[in-house]
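A quick write-up on the structure given underneath.
Numbers for residues simply follow the sequence, beginning at 1. Nothing here was measured: the structure is a model prediction, and the numbers come from that model.
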Amino acid sequence: MEKFPQFIKIGNDRIKVEEIVNYGFAFDEDDDRYLYVETRTGDGALQYYDEEVDFDLEDKVAELDNLFLIN
């Protein structure tokens with residue numbers, strides 16, 4: 001039986017889990033914190049700011065940690 005790819009939904013994006021190579025929190029030049037997700041196929045990291053999304057950044061990082069079994 002073929003294994004189907006796993007995806008995670010972040011904001012309006014659906015990202016294939018196996019493509020994620022790095023993620024975490026970062027700060028921009030104005031010291032605004034954001035979640036970044038870097039993928040193998042992306043030209044750069046996707047960036048999600050608190051004021052631009054309708055989800056909690058801490059919860060999303062916890063969800064990513066659970067996918068990659070990081071505790």
Side-chain angles (χ1 to χ4, degrees):
M1 182 158 180
E2 185 178 330
K3 182 181 174 189
F4 293 103
Q6 278 189 299
F7 290 86
I8 184 168
K9 186 166 191 243
I10 304 178
N12 293 325
D13 299 315
R14 284 183 174 78
I15 302 169
K16 192 184 271 188
V17 172
E18 66 187 30
E19 293 294 319
I20 296 173
V21 293
N22 197 9
Y23 66 91
F25 291 113
F27 292 89
D28 66 11
E29 59 277 351
D30 296 325
D31 287 331
D32 292 327
R33 186 180 74 148
Y34 63 92
L35 167 65
Y36 70 90
V37 179
E38 186 178 356
T39 62
R40 289 186 185 135
T41 56
D43 293 332
L46 301 167
Q47 299 175 358
Y48 303 94
Y49 286 84
D50 273 321
E51 63 273 358
E52 296 174 357
V53 294
D54 61 352
F55 61 86
D56 183 79
L57 297 182
E58 299 283 344
D59 290 344
K60 194 53 71 173
V61 167
E63 186 179 345
L64 285 161
D65 285 347
N66 285 334
L67 280 173
F68 294 105
L69 303 175
I70 299 171
N71 293 318

task: Name all residues meeting the ring-ring contact (aromatic ring centres under 6.0 Å, His included) criterion together with Y49; count only those two or more places apart in sequence or in a different chain, and write none if there are none.
output: Y34

query: If you look only at pairs with a residue in residues 32-61, which of them pass as a salt bridge (charged side-chain N to carboxylate O under 4.0 Å, His left out), with sequence neighbours excluded?
result: R33-E58, K60-E63

Sequence-distant partners of Q47, side-chain hydrogen bond (donor to acceptor under 3.5 Å, both in side chains), two or more places apart: none

task: Name all residues meeting the ring-ring contact (aromatic ring centres under 6.0 Å, His included) criterion together with Y23; count only those two or more places apart in sequence or in a different chain, and write none if there are none.
output: F68

task: Verify the cluster assignment for V37 and V21: are they in a single hydrophobic cluster under the rule of side-chain heavy atoms below 4.5 Å apart?
output: no

List the atom pairs, donor and acceptor, that lie under 3.5 Å between side-chain atoms in residues 6-20 and the rest of the protein, sequence neighbours left out.
from	atom 1	to	atom 2	distance (Å)
K9	NZ	G11	O	3.4
D13	OD2	Y48	OH	2.6

message: Same cluster or not: L67 versus V61, using hydrophobic residues (I, L, V, M, F, W, Y) connected whenever any side-chain heavy atoms lie under 4.5 Å apart?
response: yes

